[in-house]
Amino acid sequence: MEQEEYTKEEIDWSYIEFIDNQDILDLIEKKPGGVIALLDEACMFPRSTHETFAQKLYQTFKDHKRFSKPKLSRTDFTISHYAGDVTYQTELFLDKNKDYVVAEHQALLSASSCSFVSGLFPPLPEESSKSSKFSSIGSRFKQQLQLLLETLGATEPHYVRCVKPNNLLKPSIFENYNVLQQLRCGGVMEAIRISCAGFPTKRTFEEFISRFGILAPDNLDGW
């Protein structure tokens with residue numbers, strides 16, 4: 001967003017390279033070959049197990065730089081996220097992904113006259129209810145995430161980033177490495193690097209004229 005602003009204001013600058021997570025996002029959610037899509041596919045076959053699902057992942061992503069198989073496991077897999085490597089255990093993956101509410105039951109409960117019950121089961125998006133009666137936890141999560149991204153894209157959100165100062169849950173104690181790791185994993189350090197390499201100081205036009213207008217008084221007509 002920082003660099004998009006420079007382009008919009010036609011500022012002469014050199015593009016600043018930054019870490020892009022798109023390959024990880026594609027690995028997890030891209031259709032038809034992402035992890036979530038393969039998990040949904042496995043859930044549709046009665047004979048599928050977490051072992052066959054894991055073998056499918058190993059075969060599909062054997063050459064992917066972000067995906068790896070732990071040496072001492074036959075069903076786990078590791079994804080190299082931006083924040084670091086995370087190892088996932090596929091046991092119960094299929095069972096948990098199937099733990100969904102049948103569309104007819106969803107419609108019945110969402111129409112309940114009890115506001116508490118209907119609030120627990122909001123109506124499904126129209127496109128998802130028409131596409132398939134199988135609505136997995138993974139696909140539902142993707143739909144909710146997409147709605148969140150659409151909301152963020154249509155607004156101007158402001159964030160308050162919370163940092164846990166220590167693991168003792170006590171005041172006035174700062175664990176430097178712990179705090180730095182949170183800032184680095186949250187992308188704060190990368191954002192600061194990009195900001196410092198660009199134009200980190202920003203002023204409104206009125207503030208700029210008030211501060212530096214004395215340098216070019218002939219151009220201040222109308223101000």
Side-chain angles (χ1 to χ4, degrees), residues 1-6 13-30 34-36 38-39 50 53-54 57-58 61-97 99 136-203:
M1 294 179 65
E2 184 84 11
Q3 302 192 77
E4 290 176 1
E5 185 175 340
Y6 299 161
W13 61 287
S14 298
Y15 186 78
I16 304 168
E17 295 293 338
F18 62 95
I19 298 175
D20 190 356
N21 287 330
Q22 189 59 51
D23 57 343
I24 302 176
L25 298 178
D26 291 342
L27 168 65
I28 297 173
E29 63 178 20
K30 188 177 182 180
V35 173
I36 293 179
L38 293 177
L39 178 59
H50 73 277
F53 169 63
L57 293 179
Y58 300 154
F61 303 117
K62 61 181 179 180
D63 297 325
H64 200 291
K65 65 180 182 179
R66 297 284 190 172
F67 183 94
S68 61
K69 175 184 179 299
K71 293 182 178 180
L72 301 180
S73 175
R74 299 178 59 184
T75 58
D76 296 354
F77 65 94
T78 301
I79 294 180
S80 298
H81 294 278
Y82 171 77
D85 293 350
V86 178
T87 298
Y88 299 89
Q89 299 174 328
T90 60
E91 287 86 354
L92 301 180
F93 256 45
L94 274 67
D95 293 334
K96 292 182 178 180
N97 196 47
D99 188 18
S136 68
I137 297 299
S139 60
R140 292 285 297 278
F141 172 75
K142 284 182 60 179
Q143 293 169 8
Q144 293 172 359
L145 183 58
Q146 183 61 38
L147 291 175
L148 174 61
L149 291 175
E150 291 175 359
T151 301
L152 293 176
T155 58
E156 295 183 3
H158 298 273
Y159 300 95
V160 175
R161 190 177 296 276
C162 298
V163 176
K164 184 179 178 182
N166 62 76
N167 292 322
L168 302 175
L169 303 180
K170 293 183 178 181
S172 302
I173 299 176
F174 289 87
E175 299 172 354
N176 294 342
Y177 178 79
N178 190 13
V179 172
L180 181 60
Q181 184 70 5
Q182 292 176 71
L183 295 175
R184 183 176 289 119
C185 292
V188 176
M189 305 304 292
E190 184 72 4
I192 292 174
R193 183 185 70 82
I194 294 175
S195 180
C196 289
F199 301 92
T201 302
K202 296 180 176 61
R203 295 177 180 270

>> If you compare all heavy atoms of Thr151 against all heavy atoms of Thr155, which two are closest, and at what distance to 0.1 Å?
In response: O-OG1, 2.9 Å
> Minimum heavy-atom separation for Asn178 to Lys164, with atom names?
Replying inline: ND2-O, 4.0 Å
>> How close do Arg74 and Ala54 get, counting heavy atoms only, and between which atoms?
In response: O-CB, 4.2 Å
>> Could you report the tightest heavy-atom contact between Ile24 and Tyr82, atom names first, then the distance?
In response: CD1-N, 3.7 Å
> Could you state the interatomic distance from OH (Tyr88) to CG (Leu57), rounded to the nearest 0.5 Å?
Replying inline: 12.0 Å
> Given the side-chain rings of Phe77 and Tyr58, with only the six-membered ring counted for Trp, is the space between their centroids under 6.0 Å?
Replying inline: no
>> I need the minimum non-hydrogen distance between Glu190 and Arg193, along with the two atoms involved.
In response: OE2-NH2, 2.9 Å
>> side chain to side chain donor-acceptor pair (under 3.5 Å) for Ser80 and Asp85? Distances and angles first, verdict last.
In response: CA-CA 4 Å; Ser80 298; Asp85 293 350; 2.9 Å; yes
>> If I take atom CE from residue Met189 and atom CZ from residue Arg184, how far apart are they, to the nearest 0.5 angstrom?
In response: 6.5 Å
> Ile79 and Phe67: which non-hydrogen atoms are nearest, and at how many Å?
Replying inline: CG1-CD1, 4.5 Å
> Do Ile137 and Lys96 touch side chain to side chain, with heavy atoms closer than 4.5 Å?
Replying inline: no
>> With rounding to the nearest 0.5 angstrom, report the CG to NZ distance, Asn167 to Lys170.
In response: 12.5 Å
> To the nearest 0.5 Å, how far apart are CD in Glu175 and CD1 in Ile173?
Replying inline: 7.5 Å
> Looking at His64, Arg66, Lys30, which one forms a side-chain hydrogen bond (donor to acceptor under 3.5 Å, both in side chains) with Asp23?
Replying inline: Arg66
> What distance separates Asp26 CG from Gln22 CD, expressed to the nearest 0.5 Å?
Replying inline: 4.5 Å
>> When you compare the side chains of Thr87 and Asp76, does any donor N or O come within less than 3.5 Å of an acceptor on the partner?
In response: no
> Is the shortest heavy-atom distance from the side chain of Phe61 to the side chain of Leu38 under 4.5 Å?
Replying inline: yes
>> Test your reading of the model: is there a side-chain donor-acceptor pair from Lys69 to the backbone of Ser73, 3.5 Å cut-off?
In response: yes
>> Between Leu92 and His50, is there a side-chain heavy-atom distance shorter than 4.5 Å?
In response: no
>> Are the side chains of Leu94 and Phe53 in contact, using a 4.5 Å heavy-atom criterion?
In response: yes
> Is the number of heavy atoms from other residues, nucleotides or ligands under 6.0 Å of Gln89 CD greater than 12?
Replying inline: no
> So how far is it from Leu39 CG to Asn97 CG, rounded to the nearest 0.5 Å?
Replying inline: 4.0 Å
